[in-house]
Trainee: 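A single structure is presented below for examination.
Convention: sequence-line order gives letters A, B, ...; per-chain numbering from 1.
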Amino acid sequence: MDFLQLFKYGFIQNAFLAAILMSVTCGIIGTYIVSRRMVFISGGITHASFGGVGIGFFFGFPPLAGAALFAVLAALTTENLTRRKVMRNDSIIAIMWSLGMALGIIFIYLTPGYAPNLMSLLFGSIITVTKTDLLLMFILAVAVSAFFTILYKPILYVAFDEQFAKTRGIPVMLVNYLLIILVALTIVLSIRIAGIILVLSVLTIPQNIANLFTNRFDRIMIGSIILGFIASIMGLVISYYLDIPSGATIIFCLVVMYIAARFVKVVTFEGGNQKQNRVDK
Amino acid sequence: MDMPLILIRDMDAAYQHQVVLSGVSLSVHDRDFIGIVGPNGGGKTTLLKIILGLLKPLKGTIEYTIDRSEIGYLPQGNQVDESFPITVREVVASGLEHRQKMGRRTTPSENQKVGSILEKVGLETLQHRSIGELSGGELQRTMLARAIVSSPRLLVLDEPDTHVDNRFEMELYGLLKELNEAMTILLVSHDIGTISPYIKTIACVNRNLHYHSSNEISEEQLKVYNCPIEIITHGTVPHRVMKEHNH
């Protein structure tokens, strides 16, 4: 079948749009997460959202709404407790992580009737994205893009050196809280595509590929958007032809791209000796 | 006498109810160059945080006759993540940002200011480099450029000579001496021997603050001020540094 003929299907058109929108939000938010070394926090938020999924199933409201509520609550609680030094940051994250998963499992177990199909929530499915999902993803992509375009410099300066930003009168707490909410919402809306288990990959692998070739925050963001989009489309097409899960295929494509990029970097740029400056150094 | 830029009266400071500074009073005047010395854990950095508005005093008052945006700040060397993806020029430009300017584009005059400061500290050729590619001295020069790019009236420096070599240390203090002709400087250091030729007065901080209105201070006076010193050697250069001191 011709590649373009795929687009006659409505679900493929939706999947294509979802890939664009997810690439934009995850490209931008993922750069912030990786640069600030917030990958573990993001993992905690992701798994905490599963509690909301379970409660959604039990009480009969959309599981993603429950996931969004839990993700935002987990994000704000983690940020607040860390800032007040109530507990060690990694311990708070571990508690949120496991509490969310535990609540999710308990409420799904208690839900009467058939156990809901959790596979698409755990591992994602870009081809089941609905018009409502697309609308929400579009709103989030616009909000994230506008926020980072208008406040790019304060965001960069707060992320780099919070204390100095405070001395310049930048409202550091406000910027941090708004960003952690955007991180939580990005994670939840990406769960439809990559799933709870795999969503961290779309927020970190494109950034690490881009970071092999540039050390500038803005360029990592743009590079991640492009790389995320390429991997999503590749994953979508491969999963369609091989009839395998799309979320897992997208992640597999990202990992292959990362290995290829590392190889290209070693052969063409480094010669194996030059000093690297990486976000995850 | 002229109005002080900052006036601290009978101030206590604490971290989680543990008092670090007690009964501290200090007035900082225009063109002062005060060396703040004392042992580790004595409260030097806490005093700076109070002045910068990063920490609220437990007791006492602090009055400003300058705007907070007129204070430049160079933090301790280990505060920033060197692998963060940001260029030298972006770091320096961050010194011009403040609340009223949030969301606005950089003006040509601001760009010019950043360019001239980069030239002044000898970093114009490295301005597009990521900070992860810099040596310790280059990074410290970047942070100093960020602190002075806004032409502050008060410059606050927290141990600016850590992680730098002797040559840059001399260059740094020479530059600070020159800057002091136009601005007031508060300099935290544990190495009184190195800073004493450049500073004008000394504040000994070890839970309390003792102000010494000269840049010369004897070991006996330091003992009286509860800031004892000992001679240690970094490489081949002997330093008079603050002795570790338990309360």
Trainee: Ser130(B) versus Arg216(A): any side-chain heavy-atom pair under 4.5 Å?
Mentor: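 No - every pair of side-chain heavy atoms lies 4.5 Å or more apart.
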Trainee: What part of Ala165(A) gets within 4.5 angstrom of chain B, counting heavy atoms only: side chain, backbone, both, or neither?
Mentor: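 Contact with chain B: none, neither part.
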Trainee: Sub-3.5 Å donor-acceptor pair from the side chain of Arg168(A) to the main-chain atoms of Ser69(B), do we have one?
Mentor: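 Yes, Arg168(A) side chain to Ser69(B) backbone: donor-acceptor pair under 3.5 Å.
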Trainee: Most heavy-atom pairs under 4.5 angstrom with chain A, which of Leu52(B), Val80(B), Leu96(B)?
Mentor: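 That would be Val80(B).
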Trainee: Examine whether an atom of Phe217(A) lies under 4.5 Å from a heavy atom of chain B, and if so say whether it belongs to the side chain, the backbone or both; otherwise answer neither.
Mentor: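 For Phe217(A), backbone and side chain are both near chain B.
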Trainee: Look at Arg68(B), Glu90(B), His128(B) and state which one has the largest set of heavy-atom pairs under 4.5 Å with chain A.
Mentor: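 Among the listed options, the one with the most contacts to chain A is Glu90(B).
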Trainee: Using heavy-atom distances under 4.5 Å, tell me whether Arg104(B) contacts chain A through its side chain, its backbone, both, or neither.
Mentor: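 Arg104(B) touches chain A through backbone heavy atoms alone.
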Trainee: Which atom pair, heavy atoms only, marks the closest approach of Ser94(B) to Phe164(A)?
Mentor: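 Heavy atoms of Ser94(B) and Phe164(A) come nearest at O-CE2, 3.8 Å.
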Trainee: What distance do Thr167(A) atom OG1 and Ile71(B) atom CD1 have between them, rounded to the nearest 0.5 Å?
Mentor: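 These two atoms lie 8.5 Å from each other.
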Trainee: Tell me whether Asp81(B) is salt-bridged to Arg36(A), with the criterion being a basic N under 4.0 Å from an acidic carboxylate O.
Mentor: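 Arg36(A) and Asp81(B): not salt-bridged.
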Trainee: In terms of heavy-atom proximity below 4.5 Å to chain A, should Ser150(B) be classed as side chain, backbone, both, or neither?
Mentor: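 Side chain only.
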Trainee: Rounded to the nearest 0.5 Å, what's the gap from CD on Gln163(A) to NZ on Lys49(B)? Could you check?
Mentor: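 So the gap between those two atoms works out to 4.5 Å.
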Trainee: Answer whether the closest heavy-atom distance between the side chains of His98(B) and Ile170(A) falls below 4.5 Å.
Mentor: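 They are not in side-chain contact.
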Trainee: Please verify the inter-ring angle class for Phe160(A) with Phe84(B); under 30° counts as parallel, over 60° as perpendicular, anything in between as tilted.
Mentor: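 The rings of Phe160(A) and Phe84(B) sit tilted, inter-plane angle from 30° to 60°.
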Trainee: What closest approach, in Å, do Lys153(A) and Arg105(B) show between heavy atoms, and which atom pair accounts for it?
Mentor: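 Where Lys153(A) meets Arg105(B) most closely, the heavy atoms are NZ-C, 4.2 Å.
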Trainee: Chain A heavy atoms under 4.5 Å from Val156(B): which part of the residue, side chain, backbone, both or neither?
Mentor: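 The answer is neither part of Val156(B).
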Trainee: Can you give me the closest heavy-atom contact between Ile220(A) and Pro85(B), atom names plus distance?
Mentor: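 Of all heavy-atom pairs spanning Ile220(A) and Pro85(B), the closest is CD1-CB, 3.7 Å.
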Trainee: If you take all heavy atoms of Pro75(B) and Asp161(A), which pair is closest and at what distance?
Mentor: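 Minimum heavy-atom contact is CG-OD2, 4.0 Å.
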